[in-house]
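For reference, the structure discussed in these notes is given below.
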Amino acid sequence: MTKFHADPLKTPEERIAVSALPKEKRQELINTLLYRYPIFKNGVSFIESFHRPTGGAAHDSGRIGGLLGESRSGKSMICRYYASLQKDGGYEHKSQPIIYFEATENMDLRLAAIRLCSLAGACSVPGLSGHELTEYVILCLASAKTELLIIDDAHYLLCNRRRDQFAEFRAFIDEMARTKLFNILLVGEECLHCAIYETAMRHGQFYHDTVKLFGDSGTEFEMFRLLLDRIDDRLPFASRAGIETLAKDLHRYSAGKIGLVMDLVQRAGLMAIHEDADRITIEHLRMAANRMRAPGDHYPYFERGGCVPR
């Protein structure tokens, strides 16, 4: 289970200490950096309300819900963080209350079943197909005492699929919900709403929320600037980078998608560690943006002189 680097570096002494850590450890801190900003907290609260709706120890079961939003809006990080909060008994005890599963574009039902069973602690999957395969997956999840199954990128399973593949995955999700052993949270793009709504209606409607992007003006942009400042508080360098002063370029690059912001800042941070720099500079951000920009994007990001302003 991922352990996130969520604590800010509050003093110069803390920054100096973390900057003296081995590069491998600092790389890990950058790759697991997390700031629980308001949109993030709302997403976590939504999942909790779907998982344990009364706020007590009892989990809900038999329902299909959704966390929707554009790609790279931060949904996956919200789900991984929520899954990291579980108190599990480990595979030896076959206790996995929350299973986080990532779908892929070319995944068929058998591959999905194999990966789900593996996450639930099963060593192998017998040569089954159809309804029997679904029953085996449910048995594995039941043995793992699963309370919440999170299927990330679920649009790969249910949207833009051949009719027979769509029907197969929809029936798979429907059958799991019918057992009333655990809840199923589908995470992905807005197309999921239409794709699963008819099925979800049979299981208490489609309880869902949407992760929104940061706007480029007014209060939303100020929240975006604050987010950058809080990310800077957690970067493992001797000095702060001051990346919030480059909020306009970072917003233009990311279109308000936190996933793209983190990709860029993390890559720039890794460059800075490699060069033994005391902080991320504007050159690191410029180089990262030039190497990671979208096709057809020719905007001159971070073309403002030497270093990120302090």
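Hydrogens, waters and symmetry mates are skipped; everything else that's a heavy atom, side chains included, is used. FYI, the numbering just counts along the sequence from 1.
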Requested in this report: Please report the shortest heavy-atom distance between Tyr37 and Gly74, naming the atom on each side.
Outcome: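 Nearest pair, atom of Tyr37 first, then Gly74: OH-CA, 4.5 Å.
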Report task. Of all the heavy-atom pairs spanning Met176 and Val137, show the shortest one and how long it is. Result ->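 In this case the closest contact between Met176 and Val137 is SD-CG1, 4.4 Å.
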Query raised in the report: Do you know which of Leu227, Leu228, Ile243 makes side chain to side chain contact (heavy atoms under 4.5 Å, CB included) with Val261?
Result: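 One option only clears the test, and that one is Leu228.
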Counting only heavy atoms not in [X] (residues, nucleotides, ligands), do more than 12 fall under 6.0 Å from its [atom1]?
{"X": "Lys41", "atom1": "NZ", "answer": "no"}
{"X": "Asp7", "atom1": "CG", "answer": "no"}
{"X": "Asn290", "atom1": "CG", "answer": "yes"}

Query raised in the report: Are the ring centres of Phe302 and Tyr253 closer than 6.0 Å?
Result: no
**Report entry** Between Tyr81 and Phe40, ring centroids under 6.0 Å
**Finding:** yes
Requested in this report: Write out all pairs satisfying ring pair (Phe, Tyr, Trp, His ring centres under 6.0 Å) with one or both partners inside residues 164-192, taking only residues at least two apart or from two chains.
Outcome: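 Applying ring pair (Phe, Tyr, Trp, His ring centres under 6.0 Å) to every pair that reaches into residues 164-192, excluding sequence neighbours, yields nothing.
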Query raised in the report: Please, which pairs that meet ring pair (Phe, Tyr, Trp, His ring centres under 6.0 Å) have at least one residue in residues 260-299, sequence neighbours excluded?
Result: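 Pairs touching residues 260-299 that pass the test: Tyr299-Tyr301.
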Query raised in the report: What pairs with Cys194 under disulfide bond (SG atoms under 2.5 Å apart), at least two apart in sequence or on another chain?
Result: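 Testing Cys194 for disulfide bond (SG atoms under 2.5 Å apart), a comparison that skips the adjacent residues, returns none.
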Report task. Determine whether Ile99 and Gln96 make a side-chain contact, defined as any pair of heavy atoms from C-beta on separated by less than 4.5 Å. Result ->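 SC-SC contact between Ile99 and Gln96 confirmed.
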Query raised in the report: Do Met223 and Pro38 have side chains that get closer than 4.5 Å, going by heavy atoms?
Result: yes
Please list all pairs meeting salt bridge (charged side-chain N to carboxylate O under 4.0 Å, His left out) that have one or both residues in [range], counting only residues at least two apart or in different chains.
{"range": "residues 188-200", "value": "none"}
{"range": "residues 166-188", "value": "Asp174-Arg178, Asp174-Arg202"}
{"range": "residues 95-120", "value": "Arg80-Glu102"}

**Report entry** Salt bridge Asp263-Arg72, side-chain N to carboxylate O under 4.0 Å
**Finding:** yes
Could you work out the complete set of other residues in the hydrophobic cluster of [X], with links drawn between I, L, V, M, F, W and Y side chains under 4.5 Å apart?
{"X": "Leu213", "value": "none"}
{"X": "Leu226", "value": "none"}
{"X": "Leu29", "value": "Leu9, Val18, Leu21"}
{"X": "Ile16", "value": "none"}

Report summary line: Applied to residues 227-236, the side chain to side chain donor-acceptor pair (under 3.5 Å) test, sequence neighbours excluded, yields Asp229-Arg240, Asp233-Arg240
Donor-acceptor pairs under 3.5 Å, side chain of residues 50-60 to any protein atom, not counting sequence neighbours: which ones?
{"unit_1": "His51", "atom_1": "ND1", "unit_2": "Tyr82", "atom_2": "OH", "d": "2.8"}
{"unit_1": "His51", "atom_1": "NE2", "unit_2": "Glu147", "atom_2": "OE1", "d": "2.8"}
{"unit_1": "Arg52", "atom_1": "NE", "unit_2": "Ala57", "atom_2": "O", "d": "3.3"}
{"unit_1": "Arg52", "atom_1": "NH2", "unit_2": "Glu147", "atom_2": "OE1", "d": "2.9"}
{"unit_1": "Thr54", "atom_1": "OG1", "unit_2": "Gly56", "atom_2": "N", "d": "3.4"}
{"unit_1": "Asp60", "atom_1": "OD2", "unit_2": "Arg63", "atom_2": "NE", "d": "2.8"}

Query raised in the report: Same hydrophobic cluster for Leu34 and Ile150, using side-chain heavy-atom links shorter than 4.5 Å among ILVMFWY?
Result: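 Linked, Leu34 and Ile150 end up in one cluster.
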Query raised in the report: Does any N or O in the side chain of Arg279 come within less than 3.5 Å of the main-chain N or O of Ala238, such that one atom is a donor and the other an acceptor?
Result: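 Judged by distance alone, no pair lies under 3.5 Å.
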Query raised in the report: With a cut-off of under 6.0 Å to the ring centre and 45° to the axis, is Arg26 in cation-pi contact with Phe237?
Result: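 Yes, cation above the ring, under 6.0 Å and within 45°.
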Query - Full working for ring-ring contact (aromatic ring centres under 6.0 Å, His included) between Phe206 and His193 - result: CA-CA 8 Å; Phe206 186 54; His193 197 164; 5.6 Å; yes
